[in-house]
Amino acid sequence: MQIRFYNSLTNQVEDFTPITPGKVKMYSCGPTVYDFAHIGNFRSFLFGDLLRRFLELAGNEVHHVMNITDVGHMVEGEQDKMEEAAERVKVNKKSGRLPEGAIGDPNDPYQIAKYYTEAFLEDAKRLGYKIAYEYPQCVPHATDHVEGEAGMIGMIQKLLDKGHAYIAKDGVVYYSVESFPDYGKLSGNSLDKIQEGAGDRVSASDQAHKKHPGDFMLWKPDQHHIMKWDSPWGTGYPGWHIECSVMAKALLGADKIDIHTGGEDLKFPHHECEIAQTCGATGADTFANFWIHARFLFVEGKKMSKSDGNFYTARDVFSGNVQVKDESGSIVKLGKPVSPAVARFELIKSHYRNNMNFTVKGLRDSAATIQKLIEFRADLEEKTGGQAAEVDLSHPVLNQFASALADDLNISDALSVMHPWIRGPHPDPHESLAVWQKMNSVLSIAPVNEGTADAIQEVASEQEVATLEQAEGWLTEMLAAKADKDYAASDVLREKIIDAGFEVQQSKEGASIKKKL
RNA sequence: GGCGUCGUGGCCAAGUGGCUAAGGCAGCGGAUUGCAAAUCCGCCAUCGCGGGUUCGACUCCCGCCGACGCCUCCA
């Protein structure tokens, strides 16, 4: 099975072959931990997860690394992100939006970062993001990689030694883009085409001391910054791009890696700068062979933004705090909790190179699909006692499924193999269970995280258990009423069960209730 | 202005130079049901617009229209 991916470096679909056969080294740009991660972040992260899980299904050993950005890099207005976060945290604590005692001292950036890192990992685990289970060994913190020869300071020194960086009059260490002929190769922005300040985000004072407007900061001496480290260029903090170059090299143990992923917005400048830094420092001709970018997520057809009221964190979705305008234009809240499996499926079910549209309707569709899959799986489990046969990719259905994914991660095509197969027939449930487990090792939706050592269990709360018991009681009463042909009473009871969030399923084999997702 | 991605049924979304244009959701018809739900069976598109290449294009080329992203905080 030839694997092919769209490579942003060449803007075409190319055959993928790992540098070392059977072993894939991949790096994903991870979250900043000054706030809860939103579903757009997770769309990008879960794309990386899908990629990784597919490569594993295809027989590769995947070494996946993703960073946690916890350095409070500068933002406009001379305020750093940790300072900004500190103020937000204080407000949220006051208003009760953050749990009591969540962050003891909001003025301590390490406490803020720790809190949001834990929140991120928790969300990521619930969404079946495999790498979250590999914390901390594959999920490094930027703040742990500032110092030392193998750290950011070491790489900056190397760049200075090799003439790729210079110290400007204001003491800031800049990367000289003119020293790196390939700068612009990834984004297609050649130096003469980069319109200075076209994005309107560059302040004149920052530009004053650069040799070229495209030069970017590697180290900024600044005593006032909250997070600061001593360096040969003064106490201060590192530039944004350097952390990924350093951590990829340090944790993956190679100058050249197979795959680097991130959101499409990171292509320029972030990834362009990473390439310049890594290749400049190591002398290697490439950093990653494949650069793969996920497109943005939209919510109800629009770019997610706080002011449009369509900005959701993962936890907003889990709790059902998601709203939509109905036909008359009034706002309707979804209001009911969304299972992590449903959220995951919603976020992975469309191709990574398309803008995916996150909608309440989509969420409902996904819930129906997950419900079906859970029942399908439960049925196989029951028939087999959980004993799966041995299957590999030569199995025709699995082969089609994997081949679809091998074609630039064509998830839609893979799902179009899955759906009719689920519908049956399944003469050998042991074999079907095995096939499903393989499929689910990639999809990770029923259940979430099948195949990982410590798959997270969605534990039902006491209240949920109580509700279930009550509903089961109603079901018994309902069946009794039906037996007495008291249909009015039976219908009332059925309504009660449905209102409690269950589905009543009746067939020749009997009646049962299922929690409705 | 520069660099890219994209435009397929009510919605989501694959795909191919020519065989019946996947799959899912919704809808419709039927089976089942006390009535429903779930389930099962069946039905449901000529591919943004205009040219060109070709025996033949939705698929290749050109133009146009439209959507979206990036161009130094952003997944």
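In what follows, chains carry the letters A, B, and so on, assigned in the order in which the sequence lines appear, proteins first and then strands, with residues in each chain numbered from 1.
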*Asks:* Rounded to the Å, how far apart are E272(A) CD and G2(B) P?
*Replies:*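 Taking atom P of G2(B) as the reference, CD of E272(A) is at 19 Å.
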*Asks:* Atom CZ of F296(A) and atom C1' of G69(B): how far apart are they, to the nearest Å?
*Replies:*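 For the pair F296(A) CZ and G69(B) C1', the rounded distance is 7 Å.
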*Asks:* Is the backbone N or O of E14(A) less than 3.5 Å from a side-chain atom of N7(A), with the two atoms forming a donor-acceptor pair by type?
*Replies:*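 Not a single qualifying donor-acceptor pair exists.
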*Asks:* On RNA chain B, compare the nucleotides closest to M356(A) and F216(A); which residue's is nearer the 5' end?
*Replies:*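 Comparing both residues, the 5'-ward one is M356(A).
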*Asks:* Counting heavy atoms from C-beta on, name the nucleotide in A14(B), C25(B), C35(B) closest to the side chain of S412(A).
*Replies:*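 When the side chain of S412(A) is considered, A14(B) is the closest of A14(B), C25(B), C35(B).
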*Asks:* In whole Å, I'd like the distance from the NE2 atom of H293(A) to the C1' atom of C6(B).
*Replies:*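 Answer to the nearest Å: 18 Å.
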*Asks:* Watson-Crick or G-U wobble partner for A21(B), using a 3.5 Å limit on both distances?
*Replies:*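 Check on A21(B): unpaired, no WC or wobble geometry under 3.5 Å.
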*Asks:* Whole Å only: how far is the CD atom of E264(A) from the P atom of C70(B)?
*Replies:*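 E264(A) atom CD is separated from C70(B) atom P by 6 Å.
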*Asks:* Could you give the distance separating C28(B) and C58(B) at their C1' atoms, to the nearest angstrom?
*Replies:*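 Approximately 27 Å lies between the C1' atom of C58(B) and that of C28(B).
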*Asks:* Side chains of residues 418-425 of chain A: which donor-acceptor pairs under 3.5 Å do they make with residues two or more places apart or in other chains?
*Replies:*
none

*Asks:* Would you mind classifying the nucleic acid contact of F45(A) as base, sugar-phosphate or nothing, using non-hydrogen atoms under 4.0 angstrom?
*Replies:*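 If one applies the 4.0 Å heavy-atom cut-off, F45(A) turns out to touch nothing in the nucleic acid.
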*Asks:* Which nucleotide, in any strand shown, forms a Watson-Crick or G-U wobble pair with G50(B), with both distances under 3.5 Å?
*Replies:*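 Its partner is C62(B) (Watson-Crick or G-U wobble, both distances under 3.5 Å).
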*Asks:* Sticking with atom P, work out how far C43(B) lies from C25(B), rounded to a whole angstrom.
*Replies:*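 C43(B) and C25(B) have their P atoms separated by 16 Å.
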*Asks:* Under a 3.5 Å cut-off for both contacts, is C35(B) paired Watson-Crick or G-U wobble with anything, and if yes, with which nucleotide?
*Replies:*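 Partner of C35(B): none found under 3.5 Å.
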*Asks:* In whole angstroms, how far is the C1' atom of G4(B) from the CG atom of L9(A)?
*Replies:*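 After rounding, the gap between these two atoms is 14 Å.
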*Asks:* Looking at S416(A) and A22(B), is any side-chain donor or acceptor paired with a base atom of the opposite kind under 3.5 Å?
*Replies:*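 Side chain to base: pair present.
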*Asks:* Considering residues at least two apart in sequence or located in another chain, which fulfil the ring pair (Phe, Tyr, Trp, His ring centres under 6.0 Å) criterion with F47(A)?
*Replies:*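 Result, ring pair (Phe, Tyr, Trp, His ring centres under 6.0 Å) vs F47(A): Y352(A).
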*Asks:* Assign L297(A) to base, sugar-phosphate, or nothing according to its heavy-atom contacts below 4.0 angstrom with the strands shown.
*Replies:*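 Touches a base.
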*Asks:* Nearest whole Å is fine: how far is A75(B) P from H260(A) NE2?
*Replies:*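 Computing the H260(A):NE2 to A75(B):P distance gives 13 Å.
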*Asks:* Select base, sugar-phosphate, or nothing to describe what N357(A) touches, counting heavy atoms under 4.0 Å on all strands.
*Replies:*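 Since no nucleic acid heavy atom lies under 4.0 Å of N357(A), the category is nothing.
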*Asks:* I want to confirm an ordering. Mapping K267(A) and H270(A) to their closest nucleotides on RNA chain B, which one lands closer to the 5' end?
*Replies:*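 The residue mapped nearer the 5' terminus is K267(A).
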*Asks:* Ignoring the backbone of D365(A), work out which of A13(B), A75(B), C25(B) is nearest its side chain.
*Replies:*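 Side chain of D365(A) sits closest to C25(B).
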*Asks:* Identify whether any heavy atom of G262(A) sits under 4.0 Å from a base atom; if not, whether one sits that close to sugar-phosphate; answer base, sugar-phosphate or nothing.
*Replies:*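 G262(A): backbone/sugar contact only, no base atoms under 4.0 Å.
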*Asks:* State the pairing partner of C70(B); accept Watson-Crick or G-U wobble contacts with both distances under 3.5 Å, and report none otherwise.
*Replies:*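 Across all strands, the one nucleotide that pairs with C70(B) is G2(B).
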*Asks:* When the distance from CD1 of I411(A) to P of C12(B) is rounded to whole Å, what number comes out?
*Replies:*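 Rounded to whole Å, this separation is 18 Å.
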*Asks:* Of the options L347(A), N355(A), N357(A), which is the one that meets L297(A) in a side chain to side chain contact (heavy atoms under 4.5 Å, CB included)?
*Replies:*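 In the set L347(A), N355(A), N357(A), the residue that makes a side chain to side chain contact (heavy atoms under 4.5 Å, CB included) with L297(A) is L347(A).
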*Asks:* Hunt down the Watson-Crick or G-U wobble partner of A45(B), both distances under 3.5 Å, from any strand shown, or write none.
*Replies:*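 Partner of A45(B): none.
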*Asks:* So what does S490(A) touch, heavy atoms closer than 4.0 Å: a base, only the sugar-phosphate, or nothing?
*Replies:*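 Base contact - S490(A) has a heavy atom under 4.0 Å of at least one base atom.
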*Asks:* Is there a Watson-Crick or G-U wobble partner for G9(B) with both distances under 3.5 Å, and which nucleotide is it?
*Replies:*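 Base-paired to nothing in any strand shown.
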*Asks:* Taking atom P in both C47(B) and C11(B), compute the distance separating them and give it to the nearest angstrom.
*Replies:*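 Rounded to whole Å, the distance is 15 Å.
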*Asks:* Would R43(A) count as a cation-pi partner of F358(A), with NZ or CZ less than 6.0 Å from the six-membered ring centre and within 45° of the ring normal?
*Replies:*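 Because its charged atom misses either the 6.0 Å distance or the 45° angle limit, R43(A) does not stack over F358(A).
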*Asks:* Looking at the base of G34(B), is there any donor atom on it, or on the side chain of D491(A), that sits under 3.5 Å from an acceptor on the other one?
*Replies:*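 Pair found.
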*Asks:* Partner of C40(B) by Watson-Crick or G-U wobble geometry, both contacts under 3.5 Å, or none?
*Replies:*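 By the stated definition (distances under 3.5 Å), G30(B) pairs with C40(B).
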*Asks:* I need the full list of salt bridge (Lys or Arg N to Asp or Glu O under 4.0 Å) pairs touching residues 472-483 of chain A, with sequence neighbours left out, sorted by first then second residue.
*Replies:*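 Every pair satisfying salt bridge (Lys or Arg N to Asp or Glu O under 4.0 Å) with a residue in residues 472-483 of chain A: there are none.
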*Asks:* Record whether the side chain of R295(A) comes under 3.5 Å of the base of A75(B) through a donor-acceptor pair of N or O atoms.
*Replies:*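 No, the side chain and the base share no sub-3.5 Å donor-acceptor pair.
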*Asks:* For a quick test of reading the model, state the closest non-hydrogen atom pair linking K515(A) to Q371(A) and the distance between them.
*Replies:*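 Taking every non-hydrogen atom into account, O-NE2, 2.8 Å.
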*Asks:* Look at Y6(A) and G4(B) and indicate whether a side-chain polar atom (N or O) is within less than 4.0 Å of OP1 or OP2.
*Replies:*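 No.
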*Asks:* Give me the distance, rounded to whole Å, that separates G10(B) from C3(B) when you measure between the P atoms they each carry.
*Replies:*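 Nearest-Å result for G10(B) against C3(B) at atom P: 36 Å.
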*Asks:* If I pick the P atom on G15(B) and the same atom on C60(B), what distance separates them, to the nearest angstrom?
*Replies:*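 Nearest-Å result for C60(B) against G15(B) at atom P: 12 Å.
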*Asks:* Decide yes or no, distance alone: a donor-acceptor N/O pair under 3.5 angstrom between the base of C6(B) and the side-chain of R353(A).
*Replies:*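 No such pair is found, so the answer is no.
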*Asks:* With a 4.0 Å cut-off on heavy atoms, is N355(A) in touch with a base, just the backbone sugar-phosphate, or nothing at all?
*Replies:*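 Answer is sugar-phosphate: N355(A) comes under 4.0 Å of backbone atoms only.
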*Asks:* Which label fits F180(A) and H164(A): parallel for a plane angle under 30°, tilted from 30 to 60°, or perpendicular past 60°?
*Replies:*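 Rings of F180(A) and H164(A): perpendicular, over 60°.
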*Asks:* Between A38(B) and U33(B), how far apart are the C1' atoms? Round to whole Å, please.
*Replies:*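 About 11 Å, rounded to a whole number of Å.
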*Asks:* Nearest heavy-atom pair of M227(A) and V71(A): which atoms, and what distance?
*Replies:*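 In this case the closest contact between M227(A) and V71(A) is SD-CA, 3.9 Å.
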*Asks:* Using a cut-off of strictly less than 4.0 Å, decide whether N354(A) has a side-chain nitrogen or oxygen near OP1 or OP2 of A13(B).
*Replies:*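 Looking at the OP1 and OP2 atoms of A13(B), neither is under 4.0 Å from any side-chain N or O of N354(A).
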*Asks:* Ring of F296(A), cation from K303(A) - is the NZ or CZ under 6.0 Å from the centre and inside 45° of the axis?
*Replies:*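 Here K303(A) passes the 6.0 Å and 45° test against F296(A).
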*Asks:* Using a 4.0 Å cut-off on protein heavy atoms (strictly under), produce a 5'-to-3' string for nucleotides 38-45 of chain B with B for base contact, S for backbone-only sugar-phosphate contact, and - for none.
*Replies:* BSSS----
*Asks:* Using the salt bridge (Lys or Arg N to Asp or Glu O under 4.0 Å) rule, collect all pairs that involve residues 351-362 of chain A, keeping only residues at least two apart or in two chains.
*Replies:*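 Applying salt bridge (Lys or Arg N to Asp or Glu O under 4.0 Å) to every pair that reaches into residues 351-362 of chain A, excluding sequence neighbours, yields R353(A)-D408(A), K361(A)-D365(A).
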*Asks:* Any idea how Y183(A) and F216(A) line up, ring-wise: parallel (<30°), tilted (30 to 60°), or perpendicular (>60°)?
*Replies:*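 The rings of Y183(A) and F216(A) lie parallel, inter-plane angle below 30°.
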*Asks:* Within residues 472-489 of chain A, which residues have any heavy atom lying less than 4.0 Å from an atom of RNA chain B?
*Replies:*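 Those residues whose heavy atoms fall under 4.0 Å from RNA chain B, taken from residues 472-489 of chain A in numerical order, are K482(A), Y487(A).
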*Asks:* Would you measure the distance from the P atom in C61(B) across to the matching atom in G7(B) and give it in whole Å?
*Replies:*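 After rounding to an integer number of Å, I get 14 Å for this pair.
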*Asks:* With rounding to the closest Å, how many angstrom separate the P atoms on G69(B) and U53(B)?
*Replies:*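 Nearest-Å result for G69(B) against U53(B) at atom P: 37 Å.
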*Asks:* Determine, step by step, whether K228(A) and D222(A) satisfy the side-chain contact (heavy atoms from CB on, under 4.5 Å) criterion, reporting the C-alpha distance in whole Å, the side-chain angles of both residues, the deciding distance to 0.1 Å, and the verdict.
*Replies:* CA-CA 8 Å; K228(A) 56 190 174 199; D222(A) 184 352; over 6 Å; no
